[in-house]
Protein chains: 2
Amino acid sequence: MSATLKDVAEKLNISVSTVSRVVNNKSYVNPRTREKVLKALGELSYSPNQVARSLKNKSTNTVGIVVPDISEDFFSHVIKGIDYILSHNGYSIILCDTGEKTEKEELYLNLLIEKQIDGLILATVSKKHLLVQNIIDKGLPVIFIDNLPKLKNSYDSVIIDNTKASHMAVEHLIKLGHRCIGIITGKQDETTGYDRLLGYKKALQENNIKIDESLITIGDFKEKSGYDSMKVLLDKNRSITAVYVASSKMTYGAIKAITERGFRIPEDIALVGFDIHDPSGLITPSITTIIQPEENIGKAAAELMLKKLNENGEKFNQKIVLEPNILIRDSCGANKHKR
Amino acid sequence: MSATLKDVAEKLNISVSTVSRVVNNKSYVNPRTREKVLKALGELSYSPNQVARSLKNKSTNTVGIVVPDISEDFFSHVIKGIDYILSHNGYSIILCDTGEKTEKEELYLNLLIEKQIDGLILATVSKKHLLVQNIIDKGLPVIFIDNLPKLKNSYDSVIIDNTKASHMAVEHLIKLGHRCIGIITGKQDETTGYDRLLGYKKALQENNIKIDESLITIGDFKEKSGYDSMKVLLDKNRSITAVYVASSKMTYGAIKAITERGFRIPEDIALVGFDIHDPSGLITPSITTIIQPEENIGKAAAELMLKKLNENGEKFNQKIVLEPNILIRDSCGANKHKR
DNA sequence: GTGAAAGCGCTAACAC
DNA sequence: GTGTTAGCGCTTTCAC
């Protein structure tokens with residue numbers, strides 16, 4: 001076992017409070033005793049017990065992070081950004097991967113509460129917000145990322161402008177001459193899915209293109225739904241010349257469907273994807289895509305968290321909206337296409 | 001604030017110990033009082049304070065995970081595996097991303113000690129093992145993954161058979177008729193880099209191919225070093241027909257170098273990469289690659305950790321070695337190639 | 001079957 | 001400037 005304040009105090013025949021004072025650099029301590037203590041601290045290689053501190057201080061310097069899938073590029077990068085900021089400010093993170101399961105999310109939230117986290121950053125997949133509402137009501141700082149819940153009051157969040165993201169993607173296709181543009185978005189009870197459809201519609205309307213419901217498909221952000229939706233689009237609407245797919249995995253699925261049906265990208269179908277990273281630079285054709293500033297989302301969330309943690313008790317209810325980017329690569333070609 | 005045992009006890013005019021007993025289901029409690037307590041627990045929505053428990057029990061049910069870069073596919077998948085197993089066993093994880101910095105690694109290790117973690121899973125980048133040696137000597141369960149340190153005694157680890165991985169890769173190239181095969185491996189003071197070179201040499205020797213030092217290059221697992229090393233290989237050795245690259249990022253770099261020099265894969269240079277995932281299936285040419293069973297590495301590490309945690313005090317010093325896989329795709333062609 | 005009491009390691013009034 | 005004390009919320013002997 002490692003040494004405690006008491007051990008050090010006994011060794012020097014002084015009181016624990018004095019030792020505590022030098023450890024924490026609080027209030028004056030006689031320089032001479034201070035020296036002695038410092039020396040003893042080193043000799044016994046004292047290391048403060050944060051659990052005891054936490055119990056006393058009612059603060060663990062820990063924030064919980066709950067995400068659906070840590071192996072997704074998006075989340076791993078967000079987490080990297082969070083950890084970068086929080087670790088520089090004396091906080092550590094307890095990471096929880098829900099595997100996109102609502103029940104697991106609940107288990108984790110309860111566990112985190114028991115562990116007395118100081119704050120929570122949450123990418124929720126749940127539709128029932130009772131628990132998280134309780135947590136917020138209790139006064140624990142909570143910041144939502146990625147997907148936003150429907151709660152009775154406003155709350156803190158860091159997201160990208162999903163409407164704008166879609167708008168950018170669809171604008172791009174329209175500028176290239178496409179008018180019959182399909183979309184594969186996410187479920188409409190998730191803000192990400194909803195907003196991404198909204199931006200699509202807005203872009204079309206602004207360009208006086210009639211919205212054709214047969215060009216709209218709803219997936220679940222997973223690969224198979226992208227594949228299935230794309231097949232539906234190709235079958236239902238023979239004049240489709242372009243498609244915008246609102247998640248990375250669905251994009252992969254959609255591309256497989258397009259290829260299987262014997263169409264070429266971008267010659268037959270132009271495509272804008274989402275969150276397509278391609279670190280190898282070898283994806284062919286390279287995919288024009290919306291990119292979220294993941295690490296910055298993480299950093300912004302962490303900074304907002306620090307603010308909430310410090311200006312204790314204040315309710316900010318900030319909604320930080322970062323700008324998405326569009327990365328123009330080859331999957332839309334450069335010119336007007338007709339199929 | 002949430003209710004404490006004391007709150008519940010006072011409400012019922014009984015002692016905290018009784019309440020504690022029903023919460024923990026320990027020793028007999030009169031069924032009638034038990035009922036009453038259960039009811040009160042619910043009414044006050046009691047939630048145990050794990051910090052207090054931890055202080056008392058000297059166990060936090062938390063394991064620290066320290067990795068160089070959480071946004072790397074390899075680590076994010078390993079972590080997913082770890083969390084999957086540990087969360088099912090009542091443990092949570094504190095995640096630390098060192099950004100491949102030795103100093104940051106040390107900071108984190110000290111922090112984790114202060115937070116009184118019950119165990120540590122570590123992918124170290126450090127060459128100085130003083131601190132981690134101390135941690136092990138203290139009796140804290142430590143498991144190494146990915147890269148292994150040189151310590152005075154044996155220790156627990158979960159890795160893949162890196163020698164075998166290289167052997168498989170090079171065998172594959174030899175079978176295809178290549179005899180002049182380059183390698184880009186990692187630093188020789190890291191076990192990963194060393195073992196991967198070892199397997200390369202073994203495969204050549206077994207096939208009576210003389211080892212040519214000009215075909216061996218050492219990178220640092222990052223993209224640029226793969227790029228630079230490949231250029232060196234192509235320049236130094238005009239008869240090279242194949243290359244094996246021992247990390248994902250270096251593979252990307254190497255491919256860029258090959259392309260820039262105007263060579264084709266696999267026609268001019270056959271290539272076997274490492275950890276190339278390609279969820280899109282769109283990388284062209286698709287890369288034949290060694291694949292590590294990441295989630296299983298994580299799961300194995302977590303299970304070993306649980307074992308150490310439970311059979312308290314025992315020293316296992318197990319070295320769990322998982323099998324790598326080779327995924328045959330297109331980057332080696334199918335036949336004998338000469339340049 | 002239940003309660004009283006000590007103590008985990010620390011901090012922070014409050015004395016002196 | 002330093003020591004004494006109480007207490008954070010919990011578990012666990014030890015009595016009764």
Side-chain angles (χ1 to χ4, degrees), chain A residues 1-38 40-41 44-62 90 110-118 138, chain B residues 1-38 40-41 44-62 90 110-118 138:
Chain A
M1 270 331 297
S2 41
T4 68
L5 285 187
K6 197 169 160 222
D7 296 332
V8 180
E10 280 174 358
K11 172 169 179 163
L12 300 173
N13 267 313
I14 59 176
S15 76
V16 287
S17 22
T18 302
V19 183
S20 171
R21 281 180 190 113
V22 353
V23 168
N24 294 292
N25 256 316
K26 288 203 179 160
S27 73
Y28 282 123
V29 174
N30 181 317
R32 289 245 284 289
T33 34
R34 165 180 224 81
E35 275 316 308
K36 279 191 337 197
V37 172
L38 250 19
L41 248 21
L44 297 179
S45 64
Y46 170 79
S47 160
N49 182 326
Q50 296 293 354
V51 172
R53 273 192 183 161
S54 296
L55 180 59
K56 181 73 200 177
N57 297 339
K58 300 185 167 321
S59 153
T60 51
N61 275 243
T62 302
N110 282 317
L111 181 68
L112 290 171
I113 296 305
E114 294 186 355
K115 295 236 171 178
Q116 314 294 122
I117 50 169
D118 291 344
K138 246 165 120 156
Chain B
M1 272 331 296
S2 41
T4 67
L5 285 187
K6 197 169 160 221
D7 296 333
V8 180
E10 280 173 358
K11 172 168 179 167
L12 299 175
N13 267 315
I14 58 174
S15 75
V16 286
S17 19
T18 302
V19 183
S20 171
R21 282 180 190 114
V22 355
V23 168
N24 295 292
N25 254 316
K26 288 201 180 162
S27 75
Y28 282 125
V29 173
N30 182 317
R32 288 245 284 289
T33 34
R34 166 181 223 81
E35 274 316 308
K36 279 190 341 199
V37 172
L38 251 16
L41 249 20
L44 297 179
S45 64
Y46 170 80
S47 159
N49 182 326
Q50 297 293 356
V51 171
R53 272 192 183 161
S54 296
L55 180 59
K56 182 72 199 179
N57 297 341
K58 300 183 165 324
S59 154
T60 52
N61 275 241
T62 301
N110 282 317
L111 181 68
L112 290 172
I113 295 304
E114 294 186 355
K115 295 235 171 177
Q116 314 294 121
I117 50 168
D118 291 343
K138 248 164 114 159

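Values reported hereafter were calculated over all heavy atoms of this structure, with side chains retained and with hydrogens, waters and symmetry mates removed. Below, chains carry the letters A, B, ... as their sequence lines are ordered, and counting in each starts from 1. Keep in mind that this is a model prediction, so the values were computed, not measured.
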Send over the distance from [X] [atom1] to [N] [atom2], rounded to a whole Å.
X: B:Lys36; N: C:dT2; atom1: NZ; atom2: P; answer: 8 Å
X: B:Lys6; N: D:dC10; atom1: NZ; atom2: P; answer: 11 Å
X: A:Glu10; N: C:dG9; atom1: CD; atom2: P; answer: 11 Å
X: A:Leu5; N: C:dG9; atom1: CG; atom2: C1'; answer: 7 Å
X: B:Gln50; N: D:dC10; atom1: CD; atom2: P; answer: 9 Å
X: B:Arg53; N: C:dG9; atom1: CZ; atom2: P; answer: 19 Å
X: B:Asn13; N: C:dT2; atom1: CG; atom2: C1'; answer: 14 Å
X: B:Asn49; N: D:dG7; atom1: CG; atom2: C1'; answer: 14 Å

Checking contacts here: which listed nucleotide ([options]) is nearest the side-chain heavy atoms of [X]?
X: A:Lys56; options: D:dG9, D:dA6, C:dT2; result: D:dA6
X: B:Ser15; options: C:dA6, C:dG3, C:dG9; result: C:dG3
X: B:Asn57; options: C:dG9, D:dC10, D:dT12; result: D:dT12
X: B:Leu55; options: D:dT11, C:dT11, D:dG9; result: D:dG9

> Looking only at atom types and distance, does a side-chain atom of B:Ser59 sit under 3.5 Å from a main-chain N or O of B:Ser54, one as donor and one as acceptor?
Replying inline: no

> Going through the distances and angles, do B:Asn61 and B:Gln50 end up as a side-chain contact (heavy atoms from CB on, under 4.5 Å)?
Replying inline: CA-CA 9 Å; B:Asn61 275 241; B:Gln50 297 293 356; over 6 Å; no

> Between A:Thr33 and A:Val16, which is nearer to the 5' end of DNA chain D once each is assigned its nearest nucleotide?
Replying inline: A:Thr33

Distance check, rounded to the nearest 0.5 Å: [X] atom [atom1] versus [Y] atom [atom2]?
X: B:Ile14; Y: B:Lys36; atom1: CD1; atom2: NZ; value: 6.0 Å
X: A:Thr18; Y: A:Asn30; atom1: OG1; atom2: CG; value: 10.0 Å
X: B:Leu5; Y: B:Arg21; atom1: CG; atom2: CZ; value: 11.5 Å
X: A:Gln116; Y: B:Ser2; atom1: CD; atom2: OG; value: 6.0 Å
X: B:Thr33; Y: B:Leu38; atom1: OG1; atom2: CG; value: 10.5 Å
X: B:Ile113; Y: A:Asn49; atom1: CD1; atom2: CG; value: 11.5 Å

> For C:dT11, does either OP1 or OP2 sit under 4.0 Å from a side-chain N or O belonging to A:Lys58?
Replying inline: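 No, outside the criterion.
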
> With a non-hydrogen cut-off below 4.0 angstrom, is A:Ser54 in contact with a base, only sugar-phosphate, or nothing?
Replying inline: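 Counting heavy atoms under 4.0 Å across all strands, no contact is made by A:Ser54.
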
> Which angle, to the nearest 10 degrees, lies between the helix axes at the two ends of the helix from C:dG1-D:dC16 to C:dC16-D:dG1, each defined by five pairs?
Replying inline: 50°

> Listed in order of residue number, which residues of residues 17-30 of chain B have a non-hydrogen atom at under 4.0 Å from DNA chain C?
Replying inline: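 Residues of residues 17-30 of chain B that come under 4.0 Å of DNA chain C are, in numerical order, B:Ser17, B:Thr18, B:Arg21, B:Tyr28, B:Val29, B:Asn30.
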
> Quick one: which of B:Thr62, B:Thr60, B:Asn57 gives a side chain to side chain contact (heavy atoms under 4.5 Å, CB included) with A:Val51?
Replying inline: B:Thr60

> Under 4.5 Å between any side-chain heavy atoms of B:Asn24 and B:Arg53, yes or no?
Replying inline: yes

